[in-house]
There are 2 protein chains.
Amino acid sequence: MSEKFVYYFGKKKAEGDAKMKNLLGGKGANLAEMVKIGIPVPPGFTISAEVCKYYYEHGNKYPESLENEVKEAVRLLEEETGKGFGSNERPLLVSVRSGAAISMPGMMDTILNLGLNDETVDGMIKESGNPRFCYDAYRRFLQMFGDVVLKIEHSEFEGALSSIKKEKGVKLDTELDADDMKEVVKRYLEVYSKAGKEFPQDPWKQLWMATDAVFGSWMNERAIKYRALNGIREGELLGTAVNVVAMVFGNTGEDSGTGVAFTRDPNTGEKQFYGEYLPNAQGEDVVAGTRTPFPLTKLQDINPAVYDQLLDIFSKLENHYRDMQDIEFTVEHGVLYLLQTRNGKRTPYASVKIAVDLADEKRISKEEAVMRVTPEHIETLLHPYFTKETMESAELLAKGIAASPGAASGAVAFDPETAEKMAREEGKAVILVRPETSPEDIAGMAAAQGILTSTGGKTSHAAVVARGMGKTCIVGCEAVEVDQKTRTMRVNGKTINEGEWISIDGTSGEVFMGKLDSVKPQGLEGPLAKLLGWADEIRKLGIRTNADTPRDAKIAREFGAEGIGLTRTEHMFFQEDRIFAVRQMITSSTREQREKALNKLLPMQEEDFYGIFKAMEGLPVTIRLLDPPLHEFLPKEDEDVKELAEEMGMTYEELKTTVEDLHEFNPMMGFRGCRLAVVYPEIAEMQTKAIIGAALKLVEEGKSVVPEIMIPLIVELEELKFVKSVIVKAADELISKSGLKLDYKVGTMIEVPRAALTADEIAKEAEFFSFGTNDLTQMTYGFSRDDYGKFVGHYMEKGILENDPFQKLDRVGVGQLVKMGTEKGRSSRPDLKVGICGEHGGEPSSVEFCHIVGLNYVSCSPYRVPVARLSAAQAVVKNR
Amino acid sequence: MSEKFVYYFGKKKAEGDAKMKNLLGGKGANLAEMVKIGIPVPPGFTISAEVCKYYYEHGNKYPESLENEVKEAVRLLEEETGKGFGSNERPLLVSVRSGAAISMPGMMDTILNLGLNDETVDGMIKESGNPRFCYDAYRRFLQMFGDVVLKIEHSEFEGALSSIKKEKGVKLDTELDADDMKEVVKRYLEVYSKAGKEFPQDPWKQLWMATDAVFGSWMNERAIKYRALNGIREGELLGTAVNVVAMVFGNTGEDSGTGVAFTRDPNTGEKQFYGEYLPNAQGEDVVAGTRTPFPLTKLQDINPAVYDQLLDIFSKLENHYRDMQDIEFTVEHGVLYLLQTRNGKRTPYASVKIAVDLADEKRISKEEAVMRVTPEHIETLLHPYFTKETMESAELLAKGIAASPGAASGAVAFDPETAEKMAREEGKAVILVRPETSPEDIAGMAAAQGILTSTGGKTSHAAVVARGMGKTCIVGCEAVEVDQKTRTMRVNGKTINEGEWISIDGTSGEVFMGKLDSVKPQGLEGPLAKLLGWADEIRKLGIRTNADTPRDAKIAREFGAEGIGLTRTEHMFFQEDRIFAVRQMITSSTREQREKALNKLLPMQEEDFYGIFKAMEGLPVTIRLLDPPLHEFLPKEDEDVKELAEEMGMTYEELKTTVEDLHEFNPMMGFRGCRLAVVYPEIAEMQTKAIIGAALKLVEEGKSVVPEIMIPLIVELEELKFVKSVIVKAADELISKSGLKLDYKVGTMIEVPRAALTADEIAKEAEFFSFGTNDLTQMTYGFSRDDYGKFVGHYMEKGILENDPFQKLDRVGVGQLVKMGTEKGRSSRPDLKVGICGEHGGEPSSVEFCHIVGLNYVSCSPYRVPVARLSAAQAVVKNR
């Protein structure tokens with residue numbers, strides 16, 4: 001706790017500065033800073049946020065010395081303005097505003113004109129010679145003070161005002177004259193009496209009551225909720241400061257006015273200021289919307305001197321703050337005052353453009369430019385989007401969880417076959433709507449423009465696959481009920497037939513009726529490309545992508561991927577021409593039968609891998625062997641089982657038994673991953689042949705190729721040894737038969753806690769590690785991704801979990817295993833290449849952690865590659 | 001590698017001794033040792049196991065110096081026996097036998113009489129004057145050598161022998177005279193020719209070929225399999241040694257003979273030797289079973305001098321080896337030779353009795369006695385059992401996995417209700433036969449004598465619960481097919497109706513037709529009690545029990561439990577009078593409804609806890625809050641759902657939806673454990689009230705009580721804080737209202753990897769830890785206990801897993817988390833009490849690990865308590 005609680009700013013001195021945001025709030029710190037750099041600001045003082053902390057820790061009491069400090073500051077103010085607080089001659093009026101280190105909606109609004117009472121108003125009239133203006137100021141103060149400090153219903157004041165307007169037969173406040181305004185004052189004071197409240201005529205009492213109200217608003221419901229929603233922890237901030245500033249008036253005549261401005265365009269980022277000006281008005285008049293402000297450029301005509309002064313200030317502020325500023329100002333009788341400056345909010349695109357421009361202008365370094373852009377934001381630049389206007393004018397049907405960004409419109413299809421048919425045969429844009437998706441739906445998802453599910457979370461199948469495909473996706477939209485029988489969906493009382501159009505916004509999670517026009521994405525051009533280029537110079541982490549098709553691989557390369565960190569081979573198994581052979585393989589009862597089925601799959605898989613290798617042009621490609629439980633490939637519905645049984649020459653009962661035998665209680669911890677390869681080595685053998693065969697073809701064509709074969713779900717060195725021996729045997733035979741030269745690597749996923757715990761052992765055989773942090777999170781927490789939705793909401797609500805560990809890598813627990821696994825692995829193989837290929841690979845905080853731990857690369861879905869590039873660069877700067 | 005490969009033993013010297021088992025094998029080391037302590041042994045020498053290792057490492061070659069060493073040893077033998085190897089006058093004959101450090105079936109059998117050929121046989125005849133004996137010796141040698149060394153079909157020799165017997169019209173070998181035997185030799189040589197093999201007449205060639213055969217047999221299929229089955233890793237043993245010993249003959253007349261003996265009774269452990277003697281015979285004649293040997297006591301009549309000499313040797317050997325010995329001996333013309341001595345195999349009961357007796361006789365220390373008994377064995381002493389004879393004469397139906405030891409007979413019941421009805425109303429002994437059991441079956445299991453399931457492994461529900469109840473149980477008996485419709489079971493072609501009797505042996509896993517008589521268990525009396533008393537003096541670990549009922553608690557206390565480490569509260573929920581309220585609780589849609597249902601359960605739970613506290617008389621009792629997923633309590637079959645819906649005044653559809661909503665993809669990682677308490681704090685509140693309420697009752701009665709409330713499945717400090725606050729609030733309110741004094745503790749299971757990884761955090765709130773190593777193993781390996789049966793067999797077969805980690809705690813991975821959790825926990829709470837309550841708590845190697853890591857106690861099912869006590873003591877001795 002400091003000894004000083006009040007910080008003065010004015011012509012004589014500024015006791016604070018911009019660095020003191022925690023103590024003075026953003027507003028107070030910047031007012032002081034502006035004084036320091038010679039920008040005109042009305043004088044005032046800030047009661048520090050420490051007082052707020054003290055206030056709550058001491059039963060709403062203030063530190064003893066506060067009163068004297070405030071008195072002294074007011075004395076300075078009086079001296080500087082030549083006015084007197086409570087004076088009947090030249091009364092000093094002040095505004096009182098809250099201001100925390102982080103801008104926080106919900107806290108107390110501004111109180112203007114504090115210091116007015118029945119006597120001082122007369123002094124003000126004497127001085128200004130403008131009774132209407134003074135009564136107007138008084139009634140405004142009465143209204144704000146009553147509303148904000150004494151909690152008198154706002155409507156009571158509105159009622160009193162409109163009754164007078166009615167009596168006078170006028171519509172606008174401006175049509176009321178001085179006497180009318182005096183009457184308003186009278187009636188407002190009656191409102192106080194009626195509400196059983198007393199208006200304090202004593203300016204000092206006004207000031208302390210207003211200060212109480214500001215501190216009280218720190219703990220009001222809306223402010224608490226805002227902090228909770230924005231992840232601001234109790235205790236992270238001291239509290240709010242209180243700014244007391246001498247009033248200046250923009251409504252004292254045509255040579256006065258008020259305005260706001262951005263020093264650059266917050267929408268496009270163009271280097272061109274952007275603002276509005278309203279003559280003879282206060283800021284609240286602009287907000288009220290009764291009069292339309294001019295574009296700021298008009299000020300040049302009205303008051304060229306002030307206009308030039310403003311332009312000069314813009315430049316000064318940008319130079320000083322080294323960022324685009326959002327400014328409020330007032331002109332009083334031709335004299336300019338800045339009331340506020342802060343870094344301006346901007347669209348993602350503008351944020352990139354401004355950062356790059358500022359660096360190009362040498363105002364900031366490239367590194368600073370890289371730090372200025374929120375990585376999550378740039379993904380939105382790569383997808384089409386609906387404008388605010390479009391969405392506001394559309395019919396909102398429901399809101400779900402935004403799972404994969406973008407905007408899509410299409411005809412509704414309720415199953416993947418229909419989606420494919422509508423897309424392929426009818427050439428329609430389609431939105432696939434399902435309760436949830438399963439690997440069987442892949443083809444339908446690929447054919448659709450977007451996917452909407454009624455269940456699931458951000459890491460559900462639909463979400464993961466959609467992100468991988470770069471498709472717009474909303475999940476967990478519980479309002480949507482699909483009725484497969486009637487081929488309709490019901491959403492909040494509305495029924496939509498298959499084939500009708502809807503639109504989905506994967507960034508906001510909103511579902512709209514009908515077809516909305518979307519805006520094409522900016523793509524990876526211009527400033528974004530430049531910024532990412534700078535990021536690439538800074539970052540230490542390699543960036544790879546998770547890609548299962550040549551198309552994905554190509555997109556990812558365009559986005560800057562330096563290799564593939566994860567190719568899931570199982571998605572290829574679901575294609576229509578393959579699933580039959582896959583099912584044959586699974587239902588085989590002998591090794592011979594199984595090999596026969598596998599031999600059918602071999603050329604198809606080889607073709608898949610050939611395409612991916614080719615697309616990656618010599619960059620490393622990590623291919624994971626078959627991972628999911630086999631029953632995922634089998635039909636679930638009775639009818640489908642019957643059909644398959646017929647096709648395969650089995651009885652229904654036989655096949656049903658096979659399907660049931662494969663059922664598992666906890667498939668996530670069941671017969672999957674390398675366990676498949678241990679029991680059926682012939683599967684790993686076929687996949688190895690396909691990988692090596694494809695690679696050899698490219699070698700033959702004179703191309704370069706770097707295959708890395710990855711074994712999933714390893715728990716034990718002996719297990720890895722066994723599967724590796726199967727792979728190496730199949731690979732070496734093929735290579736030696738070909739007479740060609742081909743290097744390949746065999747590595748493993750580290751995704752089961754035991755693998756991380758015994759990584760020193762496992763690294764003896766593994767030539768690389770890739771952390772599968774999805775599964776690792778599941779098992780480290782014992783959270784089933786498919787089921788944790790049942791309770792995780794309660795965990796977030798009760799503050800037990802700060803973040804969803806599937807979205808943001810848990811550094812303490814899962815991260816400990818990642819760190820341990822990396823260190824142990826390198827202790828027995830110092831040059832071990834270590835990456836991560838879970839969903840976390842594209843999440844900024846997780847990427848930072850990977851950098852800190854010293855991984856070699858992160859791998860993420862194609863559209864997250866730019867995010868990862870930027871995050872990786874920021875991680876370097878942050879952890880220097 | 002030593003410089004010396006051959007170790008001589010004989011009158012002149014013994015180069016080896018009992019400590020050199022690794023080098024000389026058990027047989028060779030003990031022969032040398034016997035020479036050293038003056039016990040008559042035929043002279044001989046041992047080729048060390050290092051030669052075996054060399055042999056395999058050098059492409060079946062021997063070290064260069066070996067030949068000369070063997071020659072020198074044979075020269076010594078010739079010198080000592082006064083015979084010559086290959087001599088026509090007094091030929092030296094030898095036996096050649098394998099012998100590893102661990103007795104290993106499957107390796108090469110003995111070759112006797114090596115050194116005989118067409119010429120030396122004449123020399124032998126000359127010397128002995130007994131042509132029949134000599135030709136018999138020759139033909140025996142031919143047969144063994146041909147069979148073992150040259151792999152000539154055994155039946156070829158048998159055929160040749162029986163053709164002569166046929167020709168002679170006799171039945172027994174003994175009825176053949178010298179000429180007949182000569183003819184046998186002739187025909188045997190023809191068998192060689194016919195098989196295209198040559199019999200080596202050169203005794204040196206015979207010796208080297210036999211040596212080759214011994215070393216070759218080290219890697220034969222049976223030996224390899226034996227090692228794999230018994231967990232002997234390649235490289236753990238050097239190999240086998242070869243013993244070459246001068247022949248002595250027990251079949252040279254009535255003053256000769258052969259015998260075997262145990263120095264104490266291997267069945268009962270009584271201090272009374274036990275053996276058999278057969279005059280005029282070799283050991284192989286006893287094995288052949290054509291003549292019945294006498295009890296050894298008869299030797300007193302036949303040859304009192306030798307008998308006395310033997311008794312003296314028994315005593316000498318026991319004194320020397322300090323354990324019961326298993327001996328082979330031969331008397332040749334009245335002279336006694338010991339051919340082998342080794343620690344005798346014995347029944348579990350005898351092992352305890354002998355160890356205790358030896359300690360009482362001061363031959364060994366109490367500590368040594370404790371080390372002599374295999375902990376696993378003593379559990380069998382606590383259960384009834386079928387004798388070998390009973391089982392051999394019964395009709396074996398099938399064999400499953402022995403899941404809970406004991407022997408039980410009863411009428412078959414196919415569902416828990418029928419089992420209860422048959423047991424309660426008809427007073428029948430019942431065996432509950434099910435495909436698998438679920439928590440709903442508890443009452444039926446309790447009513448049954450034994451449980452038999454067709455699926456599941458050693459840690460399935462049936463196995464875990466049966467062990468807890470001390471019921472005989474066999475699981476995974478795949479041959480059993482239950483047909484609920486016809487109320488029959490089919491086993492290997494046989495159909496058994498409900499109500500027919502079967503018997504099951506939970507130690508061997510065998511299922512028998514009909515009712516078998518079982519033998520009552522020895523129980524915890526006599527020598528076992530004494531031994532466990534000694535164990536208690538030595539051990540550092542506390543031993544607690546997992547007990548859910550006062551009955552279990554009482555049994556465990558009788559077995560020496562010092563507290564309860566785990567009371568599962570959910571088992572209580574399944575009782576008929578409660579399940580309705582439990583289901584009401586689960587299907588409640590409001591907190592009020594839920595609390596109403598919980599209020600019904602409260603007095604019942606309080607009664608449960610009262611009984612358990614009372615049974616434990618002031619010992620600590622750890623009670624775990626509700627753990628399993630809620631859907632486990634709901635009915636599964638459509639009919640049952642209908643019934644319940646009616647009872648609860650819901651529609652079938654409503655209830656069905658609730659049931660379906662609770663369905664989980666991976667329930668093991670789903671909505672269970674403390675997650676229930678986070679979402680429904682009122683459940684934890686009710687359970688706390690029941691626990692504290694019951695404890696207060698006892699305090700009121702002047703009894704002492706130590707309740708420890710345990711929160712399951714914690715992953716995060718904040719989660720523990722939340723649930724603990726609910727508990728502490730409910731508990732403190734109750735205590736303060738009562739005006740009584742009661743201390744209680746709140747602690748947590750550490751069963752999710754993250755809890756172990758963040759144990760330093762968690763210990764800030766947890767007053768004790770209990771490792772739930774079942775779940776911890778599941779999540780550390782990603783092995784679902786319910787599903788890993790699909791692949792774990794392959795893992796064991798392929799040697800990827802040495803042990804089932806659910807049976808034997810995995811020290812490397814899971815153990816690392818246990819160690820880390822303990823150390824981290826104590827780093828923030830130095831006096832943290834740490835225990836383990838998984839199934840591992842009663843497994844000796846796991847108990848040892850808990851001792852090493854420094855846990856405070858292990859907790860296991862009541863019948864494992866004695867096992868744990870002994871294991872804990874052994875752990876101390878082993879790790880000193």
Side-chain angles (χ1 to χ4, degrees), chain A residues 629 661-673 675-676 678-680 713 715-722 751-758 761 775-788 790-795 798-802 805 810 812-814 816-817 820, chain B residues 629 661-673 675-676 678-679 713 715-722 751-758 761 775-795 798-802 805 810 812-814 816-817 820:
Chain A
D661 280 354
L662 285 169
H663 168 264
E664 293 183 303
F665 294 97
N666 296 287
M668 196 57 74
M669 303 195 292
F671 185 37
R672 54 173 285 236
R675 299 163 195 177
L676 299 170
V678 169
V679 176
Y680 304 127
L713 218 70
V715 298
E716 156 69 45
L717 174 63
E718 294 299 324
E719 187 184 34
L720 175 58
K721 266 191 192 162
F722 176 83
E751 53 186 336
V752 180
R754 196 174 189 277
L757 291 164
T758 64
E761 285 293 303
D775 274 345
L776 195 58
T777 301
Q778 290 200 90
M779 291 174 202
T780 304
Y781 273 89
F783 280 3
S784 160
R785 270 205 304 185
D786 299 310
D787 305 304
Y788 85 124
K790 283 203 175 61
F791 54 85
V792 75
H794 291 265
Y795 271 66
K798 290 182 169 134
I800 292 174
L801 284 180
E802 235 181 297
D810 158 47
V812 182
V814 180
Q816 196 178 143
L817 288 176
M820 186 188 297
Chain B
D661 279 355
L662 285 169
H663 168 264
E664 293 184 301
F665 294 97
N666 296 287
M668 197 56 74
M669 303 195 291
F671 185 37
R672 52 172 286 235
R675 298 163 196 178
L676 299 170
V678 168
V679 177
L713 219 69
V715 300
E716 157 69 43
L717 174 63
E718 294 298 323
E719 188 184 34
L720 175 58
K721 266 191 194 164
F722 177 83
E751 54 186 334
V752 181
R754 196 174 189 277
L757 291 163
T758 64
E761 285 293 304
D775 273 344
L776 195 59
T777 300
Q778 291 199 90
M779 292 174 201
T780 305
Y781 273 87
F783 279 4
S784 158
R785 269 206 304 185
D786 299 310
D787 304 303
Y788 84 125
K790 285 204 171 62
F791 55 84
V792 75
H794 292 263
Y795 272 66
K798 288 181 171 136
I800 292 173
L801 284 180
E802 235 181 296
D810 158 47
V812 182
V814 180
Q816 196 178 144
L817 287 176
M820 186 188 298

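So that the names make sense, note that chain A is the first sequence line, chain B the second, and so on, each numbered from 1.
By the side chain to side chain contact (heavy atoms under 4.5 Å, CB included) test, A:L676 is found to be paired with A:L626, A:L630, A:F671, residues two or more places apart in sequence or in another chain being considered.
Top candidate by heavy-atom pairs under 4.5 Å with chain B, chosen from A:D787, A:V812, A:V814, is A:D787. Ranked by heavy-atom pairs under 4.5 Å with chain B, the list A:M820, A:H663, A:M668 is led by A:M668. Ranked by non-hydrogen atom pairs under 4.5 Å with chain B, the options A:V715, A:T758, A:V678 are led by A:V678.
In this structure, chain A has heavy atoms under 4.5 Å from both the backbone and the side chain of B:F783. Using a 4.5 Å cut-off between heavy atoms, A:Q816 contacts chain B through its side chain alone, with no backbone atom that close. The contact between A:F791 and chain B is made by backbone and side chain atoms together, counting heavy-atom distances below 4.5 Å. Neither the backbone nor the side chain of A:E802 comes within less than 4.5 Å of any heavy atom in chain B. In this structure, the portion of B:D810 lying under 4.5 Å from any heavy atom of chain A is its side chain and not its backbone. In this structure, chain B has heavy atoms under 4.5 Å from both the backbone and the side chain of A:E664.
Across A:I800 and B:F722, no two heavy atoms sit closer than the pair CD1-CB, 3.9 Å. Scanning both residues, A:L662 and B:K790, for their nearest heavy atoms gives CA-CE, 3.9 Å. For the residue pair A:M779 and A:E751, the shortest heavy atom distance occurs at SD-O, 4.2 Å. The heavy-atom pair separating A:P753 from A:T780 by the smallest distance is CG-OG1, 4.0 Å. Minimum heavy-atom separation, A:G673 to A:L713: CA-CB, 3.9 Å.
The one candidate from A:R675, A:E718, A:E719, A:E716 that meets the side chain to side chain donor-acceptor pair (under 3.5 Å) condition with B:Y795 is A:E719.
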